[in-house]
Structures are given as C-alpha cells and as structure tokens.
Amino acid sequence: MKSSESIIEKNQNIDLLRFATAGSVDDGKSTLIGRLLYDSKSIFEDQLSSIKDYSRTHRNQEIDYSLVTDGLKSEREQGITIDVAYRFFSTPKRRFIIADSPGHEQYTRNMATGASNASLSLILIDARKGVVTQTRRHTFISSLLGIRHFVVAINKMDLVDYSEEVYDNIVNDYRTFSDKLSAESIYFIPISALKGDNIIEHSRNMPWYQGSPLLDYLENVNVSGGRNLIDFRFPVQYVNWGGKNFRGYCGTIASGIIRKGERIRVLPSGKTTEISRIVTYEGDLDYAFSPMAVTLCLKDELDISRGDVIARENNLPAITGNIEANIVWMDTEPMQTERDYFIKHTTRTVRGSFTQVRYKIDPEDVHRKPADFLSLNEIGKVKIELKSPIFADIYPKNRITGSFIVIDPATSKTVAAGMISKYKQVSPDRGCESVKAKVIRYPGNKKEEAKAYYDRLSMQGTQCIYVDDDILRDGLCRGISLEDKEYCQRIEELCKIVNNSGVSVVLCLKNVTI
Amino acid sequence: MEKKEESYRLSNLKTLEAESIGIIREVAAEFENPVMLYSVGKDSSVMAHLAIKAFYPEKVPFPLLHVDTGYKFPEMYEFRDYYTKKNNLNLKVSKNEEALLNGVNPISLGTVKCCAELKTKALLDALKEGGYDAAFGGARRDEEKSRAKERVFSFRDKYGQWDPKNQRPELWNIFNSKINPGESIRVFPLSNWTELDIWTYIYYENIEVVPLYFAKIRQVIEKNNQLIPLYTDENSEEITEVMCRFRTLGCHYCTGAVRSDADTMEKIIEEMMVVRHSERITRVIDHDQDSSMEQKKREGYF
C-alpha cells in the first residue's frame, strides 16, 4: 500500500516535455518515433502485433516502425504523414508528448499546429541529403512560433558509413542558416533510427561522437524559462453566477501570479478594485499563477464580461487597434486585403482587416520579399487594423496575449495564425471604432470622477484633453453666461475641432445637455 | 509543502486539469447549446468531475447525454443514475428505439451494423433532435491511432462526419468555435491525458467509478482470446469463473474482461504502469476491420 502510493506520487510529479518533430519526406521521422516508442516500451503488444502483421503483408519486412505513427488509412496507403499525430511515452525521468508533424510543404499549417504548444523541436536531417528546403522551413517555423530549443538529429548515418566528415559538414551548413534565428540551444546528434545508433545508447559505430544519445538528451534538457511569471494577465472567459450574491470571473491565468487582496484594473473599462477571493472547487486560494484555471471575485461590483482582461493596476497590456504581426497563412483561399476577418485573441473575437503586407519571408534563406498578399503556407509580416481593441502583448514576451487566429467569416475556417510583433497603443484618429475620439460627458458635480477618468485614459495611451466650466470661463467662454446658447455652441465647436484631430474630450459641465 | 508551492510549478495532473477546465469553460461560453456525452465509463466520470470543478459554485450549465444501446452492463445503468443524481447533473438518455424493437443486436447483425444503428445513428439522431451545436466526448489521443490525429475542437459537417485530411489548424489553446447552421463541433477536453493519468487522477480526486473496473471473480466465456462476461441466458458449456476486471466499458456483448487481481485503486494504477496491452484490445468493435475506428469516426461516431 505504502509503496504503491509513493510510486504513484513519483509518477505524478515527474515533469512533462512537449516536443514537435519535423522532417522532410522519407528522412525517417516516423521510424525514429516508432523506435523511441518501441524502445521505451510504450507500444502495447496488441498494437505491436497488428503493426507487425501489416509490415509483413504490406511492406515485406519484420517491423516497419513508421506504422506506429501513421494512423490514418490514407497515410498508410500513401506512406506519408498528413496530419499531426500526438504520441505519448514516458521514461522514469520524464513524460513526453510528441506532436509528430508532416514534412510536406503542403502541410505546413499542420506543422505549425504541432509546434504551437511545443517547447522543443526535433529536426531530422537525412545524412545523405544534408540540409534541404524542408529543414530550413521547419526550423524557421519552429523559431517563429517561439521554440527556443532544437535537437538536430542527423539520421541514416549507417548509409554514409558513419562518417564524421559528412556529419561535420551538415552541422556547419545548418549553423550558417540557424545563426540568423534566435535559438537558445541547438544540439546535434548523429543517429540511425533504423539501426538504433545513438537513440538509447551510445553508438559503437560512431566513437567520434562524444555527446548524449537522443533519449538521454530529451530526458535531461532544461526547457524551463519562457514562462512569464511577471505580467499578470487574466482574460475573462466566463462569468459565473453561482448563487445568491456570488459573481466570479472564470478564466485561465495567461501569465504571472496573483494574490488575494492585490489591486487590479479591468480593461477596457479601466476601473480598479482588488481581488477579494480566488475560488476553486477545492476551496479558496491565497494566490494563483499561470497556467491555473481559477475563478476570481472582486471587492467592488464592476460590469465585466467575457473578453475583458484583468491585470495588475499598473502593469497593463497594450490596448490596441493597430497591430503588426507575423502571419502563417493556412487556407487554400489567399488572403484578401481590405476585407473583414474575425480575429480571435485570447477570449475576445473582433473584426479586423489586413491593411498591408509589409513583406513575405522566404523560409529557404529567411530573406524578405515584397508581396501584396499571402497564400497557402506563406509566412509574412502584415499590418492589421481592428474594429474593436484587443489587450495584447508582443509574442516574444507573452505567448498567450501575443497570439491570435484569423477566421474567415464566410467559411468559418481558421485561415491564419498570427504572432504580434508590434502594436500601436490606441491612437484615436486611425484607431478602431470603439476607441475613436469622442466626447465623454460628466455632470458638474462629478468633477473628481471626470478627472480620474481623464487620468486613466491618458495612462492607457489615449490622447485626450480635460475641460470643465472653470477652465472655459477662464478663456474660451470668458464673459458668457452658462445659460447662453453661445456658451454651448463654443464648446460644441471646440469638441469638433479636437475630435477631428483624433483627441477625445472629457467634459465636465454644470449644464450637460449638449 | 510551502516551499514546493512557492516554486509556482504545477504537477503533470494539475496542468492537464487546468487545460481541460479551460476547454470546458470555453465551450460553455462560446456555444449556444452544448452537451456532454456521458458513457458512464471512467473517462466520463473524470470529464463530468472536471465540468463540476470548472463551474463551481455554479451548476454545470449543460446537460449530460447518455447514448444507450440497451446492451450496457446493469452495473452501468445503476451507477449512471446514482452518479448524476448525486452530483446534481442534468442527465438525458437517448436510444434508437426503432432499431431495438426490430431486434438489432450484435449477434444477428454483426458488430459493424449493430454499432452503426445503436451507437452512431442513435448519437446523430440525439444530437440533431437536441439541436446541440457542440458535444463533449471523453476520447483521448493515446487510445487509438485515428484518435491520435484528432483536434481538441473537431469540426463535423452537417451529417456529423469527420474529414481527417482536412482538419482545421489548431494553434496554441485558441479554439475556433465558428460554425454554420447544421454543423457542429466535437470537443475532447481529455485529448492530452493518458490512461494512467486518468487513473491517477481518479485516485487523487476520489472520483467514483463503476465497480466493474475492479477485479473480482466473474462468470465469463472465453472466445477468440477475449473474456466475454455472462449476462444473457446463453447456455454455454465454456462458462468459466475467472478473477478479472474491465479496462473499458461498452456493451456486454462486445466488451471483454482482462485477467487481473487489481481490486483496489492502487492495484489498478500499479497494473497500469506495467501493462503491455492497450485498453482497446478488449473492444471487439475496434478489430472488425482494418481502420475500423477511423471509419466509424468518419461516419459520425465519437
């Protein structure tokens, strides 16, 4: 009893590594994964026996490891991988989820799907062919999606007589290319997936290789980091009305840590209050952190709905209607500029359009090329104008508040994935509808509130001015009675001029009829 | 303890739990009329438990739907009614009554046709009748090869069909909930869990499961290397008594037991750690054709 409990405990506490594999056709990716699963005893016997049967009848060999991963009928028939398959295996040291991605260029979007949740990328190179377009494409996409750790496995070493020279040349080639990208670690391993060299154990065929075998490396590589525990961001996902006086805001903490009693600000309203409870089924917590799914209760009753963001009072995401982003286009229909798409960003879906394609990137050499639009599997930097603001950070700083998907309103398909690289804090003139320059009116006795609102808008980056009766009678409306029609006309004129320049007016007047 | 917590790390199970809760809430927020498929098995128990957690203190805001083939184990019906009532869950049951009246059963029709009638058709009819635009299923990617390819939000056309070669890309944890009238989304909040995770979670969270999962001496018939439990009045000479348990639960005709001494949760988990066969080996329906699960999924099965 006691012993099994500790085994369970241990099993539950080992950490999880999600990695994506990528490779080009026939470089043996499926075989490698099949081998990892087989050697770590993660293939069940009944699965193994059906694989062996199929290998014998269809492939004329004892066991074709690639059959372990190619799950769809058409994949087995065509002998290629079409879509991402998720594979699970574990060793006493670590648990692994592999996103096994297709290598064909036409399935780049599936590769991006696989890479988006991975923290390490395993790139396969056929030793006979060296670095090819697919190698560069996959490395580039992985890097674009924020993967900072790479393992480059140079496979089929048995077919090049385990030659150190071949290996060295490929490593140098790869380095020339990868130097342009921002990888934190790149680890090269010469292997033969088919023969089992340097997979679990050091290969006797390559005594010149002093590094770790593949599995050993995967078990020990440190991929922590990249997790943002500083900037608290909580996109409100669901409003919970759980009983009489209960109102809580459900969501997953995108980044950062939050404690009970801390001051927070809600966007877009800008209102502040403090966290009164952090509710979970197991009971209230004193603090919570990313990526926990919790329910927050606030001290003051505020009007908050799905799509709003709760952040710390003085550490806010940008409120923006204009973004620049790296886009992977994933639909057969090419991008259309000046047309509305849905942009889903955290729990908020807004309309927006592509206003400009700044350039597309050739993954082959990471060179920028001019383009008017992007089509299937193309990657580029675009400018997007949104009809309502989003609350965002840049992707390198925050994977969750920095990413979005694009949905075609006509077909409802996911047509693109985007990573925000730049934003303009809402600039009212060219900004989005809801934050267009406007006049915000307060009655004369609400001067304090009007000023507070002005402060908040300014702090959020909205350009605005503050006007009240005292200021007006000191200048623009000197000598004119508050009740005079002229008084109202002048103010109206002032607001018009100021709004036209893209600046909002916070107006606090005794006579608020205008 | 305190120190461990201060490192701001979530354990493997807590990470999976948070991910699943996020998925369940997203569906409740984005769809008008979601439903949770409830098969009474261990994965369903976990999924229902996660739903309760996701909305606490609110009541689970969608119904649970049991597609009843009429041939489930009696223990399953008993547990289903007990569990849903205890947890204040809104249970709906649907059956293909017409087929059952016509005497559809796996023995006379074969498992392929029987499943098509009593499972796939019953399911599609119930989803259509309820007007559900999203349906949760407890399938996991580690279960079976075609399921390894499934998205978390899996798009189905207006006939409920899955097109594995043309799935929507799914990046990060941003899910596309947009559909046109008649289309629907199948949602798999347990996608990234393994069978061992499920059992470990059940253990830690004290989740109740059907007693059939625990080993005891049962009367079975040995057929094609499967231990088929005795629930009909069949007069067979091959009846034997075996210490066994069920790793998955389906219809009693088509679900085999495995020899096992695991009569406690701890023993089940220990067994899981050394097990050498996949849980679906005891499901007769997966073996009737090459790619039979993929085929069923294409047609609308979960």
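Chain letters run A, B, ... following the sequence lines, proteins first and then strands; every chain starts at 1. What you are looking at is a predicted structure, and each value in this text was computed from that prediction instead of being measured.
Between A:S403 and B:I174, some side-chain heavy-atom pair lies under the 4.5 Å cut-off. Considering only heavy atoms from C-beta on, B:P169 comes within 4.5 Å of A:T113 through its side chain.
In this structure, no portion of A:I400 lies under 4.5 Å from any heavy atom of chain B. Residue B:S20 does not touch chain A at all, counting heavy-atom pairs closer than 4.5 Å. Neither the backbone nor the side chain of A:A254 comes within contact range of chain B; no heavy atoms are under 4.5 Å apart. Proximity to chain A is limited to the backbone of B:I179, based on heavy atoms less than 4.5 angstrom apart. For A:Y86, the parts lying near chain B are the backbone and the side chain together; criterion is any non-hydrogen pair under 4.5 Å. Neither the backbone nor the side chain of A:V328 comes within contact range of chain B; no heavy atom of the residue lies under 4.5 Å from a heavy atom of that chain.
Between A:I97 atom CD1 and B:R141 atom CZ the span is 8.0 Å, to the nearest 0.5 Å. Taking CG of B:L171 as the start and CZ of A:R109 as the end, the distance is 11.0 Å to the nearest 0.5 Å. Remark: A:D408 CG to B:K178 NZ distance equals 11.5 Å, nearest 0.5 Å.
Most heavy-atom pairs under 4.5 Å with chain B: of the set A:L229, A:L16, A:I257, this distinction falls to A:I257. Counting heavy-atom pairs closer than 4.5 Å to chain A, the top residue among B:E17, B:E30, B:K59 is B:E30. Interface check for chain A: of the options B:E183, B:K53, B:R168, the most heavy-atom pairs under 4.5 Å are formed by B:K53. Interface summary for chain B: among A:E282, A:K344, A:R18, A:M292, the most heavy-atom pairs under 4.5 angstrom belong to A:K344.
Contacts of B:Y56 classified as side-chain contact (heavy atoms from CB on, under 4.5 Å), with partners at least two apart in sequence or in another chain: A:V279, A:Y281. With sequence neighbours left out, the salt bridge (Lys or Arg N to Asp or Glu O under 4.0 Å) criterion links A:K413 to A:D331.
With A:Y238 as the aromatic partner, B:R25 does not meet the cation-pi criteria of under 6.0 angstrom to the ring centre and within 45 degrees of the ring axis.
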